[in-house]
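In this text the structure is predicted, and so the values were computed from the model without any measurement. Letters A, B, ... are given to chains in the order of the sequence lines, protein chains preceding strands, and every chain is numbered from 1.
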There are 2 protein chains.
Amino acid sequence: MELDQLTECYKAMADKTRLNILALLRHEELCVCELVEILKMTQPSISQHLRKLKQAKLVKERRNSQWIFYSIDGEIYPFIKANLDALPDMSEKIEQLKQSGGKVCC
Amino acid sequence: MELDQLTECYKAMADKTRLNILALLRHEELCVCELVEILKMTQPSISQHLRKLKQAKLVKERRNSQWIFYSIDGEIYPFIKANLDALPDMSEKIEQLKQSGGKVCC
DNA sequence: TTAGTATATAACCATATGTTTATATAAAAT
DNA sequence: ATTTTATATAAACATATGGTTATATACTAA
């Protein structure tokens with residue numbers, strides 16, 4: 001692949017918050033406010049991280065009325081599956097979100 | 001894997017020069033002065049990039065008298081092979097180095 | 001020991017990055 | 001239409017990063 005594209009990919013992954021987001025989206029698509037709640041970060045901060053991931057084509061978005069749901073993309077990277085598989089399991093966080101009533105939606 | 005370890009890995013890969021170094025080392029181990037010549041960058045700059053790669057355990061070093069040869073490591077990362085395979089082929093650069101008489105060594 | 005070569009480290013500086021606060025946009029509900 | 005909710009963008013600031021120049025270290029050769 002092109003080095004520039006690869007650099008953009010790894011830059012997008014070179015941040016703990018963004019790896020957390022990818023790890024969460026591996027389980028299921030989530031909207032911004034859900035990520036805000038799980039990660040305990042401000043909404044603008046999460047939005048900017050999502051923008052970077054989207055620009056690197058690691059996630060894609062889908063609008064559903066007020067909400068924008070983000071999900072894993074990365075199909076342009078032949079290695080993406082191997083990298084996602086190395087991310088820690090976040091099912092507990094997703095569980096907590098559902099139990100705290102927050103799921104679908106905010 | 002641990003998110004902190006993964007973050008360090010992707011930070012180390014999030015730079016075009018360092019991806020170039022990895023792409024070159026995929027072909028064969030190289031010493032600092034060879035990388036300097038191929039990449040047309042200053043020696044301190046290359047050394048600092050190598051340090052980052054080494055700290056992330058993506059490369060290892062082997063001393064041979066005055067020279068320190070760097071080579072690919074990355075064995076702690078289950079996805080490393082897939083990622084290295086996506087790097088562009090650099091055999092032409094290696095060829096040029098050998099023809100310019102520079103190989104083994106400096 | 002001294003001089004030379006290969007590499008590492010430190011100090012400095014310019015640019016990039018991530019966070020926060022404030023504001024804008026877009027859709028929904030009233 | 002106006003208000004509310006969800007998300008995006010902008011401005012400002014502190015910290016991180018990468019490059020350069022200068023210097024230190026490690027090994028070799030004489």
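In this entry the distance linking CZ of A/F69 with P of D/dA8 reads 12 Å, nearest Å. The interatomic distance linking B/Y10 (OH) with C/dT17 (P) rounds to 19 Å, in whole Å. Rounded to an integer number of Å, the gap from A/K54 NZ to D/dT7 C1' is 10 Å. In this structure, the CE atom of A/M41 is 8 Å from the C1' atom of C/dG18, given to the nearest Å. Going from atom CZ of A/R51 over to atom C1' of C/dG18 covers 12 Å, rounded to whole Å. Distance, A/N64 CG to D/dT7 P: 11 Å, rounded to whole Å. Counting to the nearest Å, the C1' atom of C/dT7 and the CG atom of B/L30 are 15 Å from each other. Taking atom NE2 on B/H49 and atom C1' on D/dT20, their separation rounds to 12 Å, with Å as the unit.
Listed candidates were D/dG19, C/dA26, D/dT21. Nearest to the side chain of A/R63 is C/dA26. Checked against C/dA8, D/dG19, D/dT9, the side chain of B/Q43 finds its nearest nucleotide in C/dA8. Listed candidates were D/dA6, C/dA27, D/dA8. Nearest to the side chain of A/S47 is D/dA8. For B/V32, taking side-chain heavy atoms from C-beta onward, the closest of the listed nucleotides D/dT9, C/dT20, C/dT7 is C/dT7. The side chain of B/P44 lies closest to C/dA10, out of D/dG19, D/dT7, C/dA10.
Along DNA chain D, the nucleotide nearest A/K11 and the nucleotide nearest A/S45 are compared for position; the residue whose nucleotide lies closer to the 5' end is A/S45.
Residue contacts for A/Q66: at a heavy-atom cut-off of 4.0 Å it reaches the sugar-phosphate backbone alone, with no base atom in range. If you check every strand for non-hydrogen atoms under 4.0 Å, B/K52 touches sugar and phosphate atoms only.
Remark: the B/Q48 side chain and the D/dT20 base include a donor-acceptor N/O pair separated by less than 3.5 Å.
The closest side-chain donor-acceptor pair between B/Q96 and B/S100, if any, does not fall under 3.5 angstrom.
Using a distance-only test at 3.5 Å, with no hydrogens or angles considered, a donor-acceptor pair links the side chain of B/R18 to the main chain of B/A12.
Using a 4.5 Å cut-off on side-chain heavy atoms (C-beta onward), A/V59 and A/S71 make no contact. A 4.5 Å side-chain heavy-atom check between B/F79 and A/L84 finds every atom pair outside the cut-off.
In this structure, CD on B/E37 lies 9.5 Å from SG on B/C31, to the nearest 0.5 angstrom.
Phosphate contact (OP1/OP2 of C/dA6, side-chain N/O of B/Y70, threshold under 4.0 Å): absent.
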